[in-house]
Amino acid sequence: MPNLFLPVALALSLMVAPATAATQKIGKPAAVSGMTLALRSGEKIGAPVDVYYQHLAPGAASADPSLKLTIIPRLAGKLSVQLVPDSSVSIVYGGAPMTLQKASASGVYNRLLSVRRNGTTPATIRALVHVDLGDSSFFSVFVIPADAASADAARLMKSGSSQTVKKPARQL
Amino acid sequence: MGSVVTLIGLASSDSDGTIASYVWSQTAGPAVTLTPTMPSGANVSFTAPSVLADTVLTFRLVVTDNLGATSAPDFENVTVRPLTAGQAPISGRITFARIPTFRTANGLNFAGTTQQPARGITVEIVNAGTNSIVSSGTTDSDGFYFLIATPNTTAFVRARAELVKSGALPNWNIRVQADATISSTQQTARGTDFNSGSGSMQNLAIQSGWDTVAGTYNSPRDAAPFAILDTVYRAITKLVVLNPSINLPNLIVDWAPENVGNQTFFSVSSAGPKIVLAGEANVDTDEYDAQVIAHEFGHFIEWRFGRSDSIGGPHTLGDRLDPRLAWGEGFGYWFAGVVNDDTLMIDTFGPQQSQSGGFDIETVFRNPGWFSESSVWTILWDLYDPANDDVASVGLAPIWAILTGPLRDSSAMTTIFTFITALKQANPGLVSQIDSVVGSQSIVAATIDDFGSTETNNAGVPSTLPVYASIGQGGGPLIVPSTRDFGTGNKLGNRHFVKMIVASPRTVRITANAAVAGQDPDVQIFKAGLQVISLSCTPTPTPPQVCGESGGNEDFNATLSGGTYVLEVYECNNAGCAGDTPTPADTTITVTVQ
């Protein structure tokens, strides 16, 4: 089994147990109330996590908007999170600009990121999430609108397509 | 003369075991050297000798099985013809850079890169001045080729990323090309110009494009399509053993560096079947992930030779899935293990391709049951496992026989239930072994049937059982649950199956009504896995008269032939439909058949 672990780069802000009980409904935990479930990209077997995000208005006129990111594991394991660099978006965490983020956690992952758009077109952030379960490991790519305007654009596209795309396409 | 000839013994078979060894020998004609020499492999090659007239060489093959029994000899004649004036023989070897995956560390092992033979691919001699193809052929199982060029001409060797075999069966036609939205060009690799003279040897070593010093791809990733095809070639050699007359439909493998990371899948459209593989450097590349490629190729094989009722969609370890998806994905990982003779599934990703996901299909499973893809891969591998480190050892051929036989015709959906039921029926002497393996994954085995009618594992949610409800003419109202206990889209409980037997051809009226106003119940009707009618009214189905949706509820007349049908019933938001306004919620749907 590959040793899939990356160094821990950032501290945790919250630790909880994963949702593994057989009868526990997979819904929104209270901790992510008001947040939106991020889309999982791709159809390969993926990381057993749920990714939530929320766009927050800037605290001051000169500040950038913030993105709250929460990742909740479904199975007990260690998380590793990386943001895929994209020229249309600059992300700041802890006052420093980052093109690549790495962070690890053994429970819920929480981050508050500052997001600066480098352009006017809707942009997305891709989060590469990796989970090590000890005997196995998995990764997924999650797609998150870079800001509220991008999220609105995504919602409009989804709504506009609803009349012609009702059944999900089959991709295996 | 000068041509490399390959004798193929791989299609040999043994009715009660496996082939343990092959012995090739020459019995007539000018002596040639067979490679590899003893012990012979299934396939051997030799270089045709220089001759002045057509000359026949005869070769003899004897195989020995795993019990030591020896076959009667089989003979093969090869005719060698002399070169004529004006021909320049060009021969050589095509290889590609294979970057292995680390097994005990992470990512791709760039330092371990080796040149591997590009087997069975198309190779061309191209006139460098006119860019016209002078001659073309196929590399052998060691990557060698032999072609005829025009003497004293500037030319180059071009390798096409395709496996094509036509004429006598077995046949296949598999091409790697960039998606049409990018360039729609087939992937190729070009050698340097040379003068053909009176003949020459021209090797082509196709490179990965990786710069070890810079730690990045800084030149074209030419080897990638050939690495992909090498895994496909390996799969085909396994399939030819199972079916020496196999005839694969055309398949496009869509790979390019522009292909978005993690976007790897198999799909079928009006244009035909297609595998898409991720190519995005520093995010997710799949060209060297042999298990990922074999998994997707397994979906193609299942689609062509078996039957797939899978609804697709995202899935993770531990998910309680729609059982059709669980079966299809579990099958795909088992198939990958068979193709690569390896139970460790590795999928590399990340910056500099330095990370890996991975799991062993022999040991890793979570939340076992009929809804678990990990239960499916565990069961299939244990049944197949030639190492026999568990109670069962059914072997590959009996499993293939079920996949390509009874599973295709089952009235029920393709799930672990249909497969195991048919396997037990076809192998009564192995029932106790099969039951032991299946039971270890929390699936009722002793009384199993196609419809899982005696299953007791409800994943902790009583409404997931029975696996199939039943309804007949005049039946109902039948209350069918559609829940989101395990997520939405393709998870257990989102959709529910209803078995419906139509005794003779007739028109039936089917209604499906939501428990809560504003919800959107839908019904699909299947017969032996084929969708007969979609009773979803958005968009308007064809023919339009079958659509009777009113306020989200369904009311249809459907003309059906006699037989067993499966109704798939769901609330559309729970099943992942886009755009519907209600949010997913546990609900029930009332179904009637008149």
Side-chain angles (χ1 to χ4, degrees), chain A residues 1-6 18 20-27 37 39-50 73-75 77 80 82 84-85 100 102 126 128 130-143 157-172, chain B residues 102-106 260-267 278 282-284 292 296 299 308 310-319 328-329 332 344 346-347 349-351 355-360 363-364 366-367 373 459-461 484-487 489 491 536 538-539 572 575-580:
Chain A
M1 191 78 271
N3 173 12
L4 304 164
F5 262 84
L6 296 168
T20 57
T23 56
Q24 182 167 351
K25 208 172 279 289
I26 295 180
L37 187 64
L39 287 176
R40 186 187 298 268
S41 171
E43 315 257 330
K44 292 193 288 188
I45 190 167
V49 301
D50 292 305
R74 295 183 195 164
L75 298 172
S80 170
Q82 300 160 80
V84 177
L100 171 65
K102 284 185 182 176
R126 287 190 295 165
L128 248 173
H130 176 248
V131 179
D132 191 327
L133 304 175
D135 63 351
S136 55
S137 67
F138 302 88
F139 74 93
S140 285
V141 176
F142 291 87
V143 180
M157 289 177 63
K158 181 179 177 183
S159 176
S161 67
S162 66
Q163 296 307 306
T164 54
V165 181
K166 191 173 183 184
K167 302 302 170 204
R170 290 187 179 197
Q171 294 179 342
L172 310 176
Chain B
F102 282 113
R103 293 181 68 83
T104 56
N106 293 313
V260 176
N262 213 36
Q263 290 292 337
T264 286
F265 57 85
F266 167 73
S267 67
N282 302 313
V283 177
D284 178 26
V292 173
E296 301 303 336
H299 286 315
S308 173
S310 175
I311 58 174
H315 51 103
T316 73
L317 184 72
D319 278 351
E329 293 303 317
L344 185 58
I346 296 177
D347 187 359
F349 72 101
Q355 298 168 259
S356 294
F359 58 95
D360 193 316
T363 58
V364 173
R366 295 289 194 284
N367 300 330
E373 63 179 313
V461 176
R484 54 179 177 87
D485 295 271
F486 306 111
K491 305 302 186 294
S536 165
T538 309
C572 209
C577 299
D580 277 10

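Because only heavy atoms are used, hydrogens play no part in the values below, and waters and symmetry mates are left out as well, while side chains stay in. Everything quoted here is computed from the prediction, not taken from an experiment.
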Would you give the length of the straight line joining atom CZ of A:Phe138 to atom OG1 of B:Thr316, rounded to the nearest 0.5 angstrom? 8.0 Å

With a 4.5 Å cut-off on heavy-atom pairs, point out which of B:Val260, B:Asn262, B:Asp284 contacts chain A the most. B:Asn262

Under 4.5 Å between any side-chain heavy atoms of B:Arg366 and A:Asp135, yes or no? yes

Per the side-chain contact (heavy atoms from CB on, under 4.5 Å) rule, which among B:Leu344, B:Asp360, B:Val364, B:Thr363 passes with A:Ser136? B:Val364

Kindly assign one of parallel, tilted or perpendicular to the pair B:Phe349 and A:His130, based on the angle between their ring planes and the thresholds 30° and 60°. tilted

Which residues pass the salt bridge (charged side-chain N to carboxylate O under 4.0 Å, His left out) test with B:Lys491, sequence neighbours left out? none

With rounding to the nearest 0.5 angstrom, report the CD to CD1 distance, B:Glu373 to A:Ile45. 4.0 Å

Using a cut-off of under 4.5 Å on heavy-atom pairs, state which of B:Gly318, B:Pro314, B:Gly261 scores highest against chain A. B:Pro314

Sequence neighbours left out, what passes side chain to side chain contact (heavy atoms under 4.5 Å, CB included) with A:Ser41? Give chain and number order. A:Val141, A:Val143, B:Gln263

To the closest 0.5 Å, what do you measure between CG (A:Asp132) and CD (B:Gln355)? 11.5 Å

Heavy atoms of A:Glu43 and B:His315 approach each other most closely as O-NE2, 2.8 Å

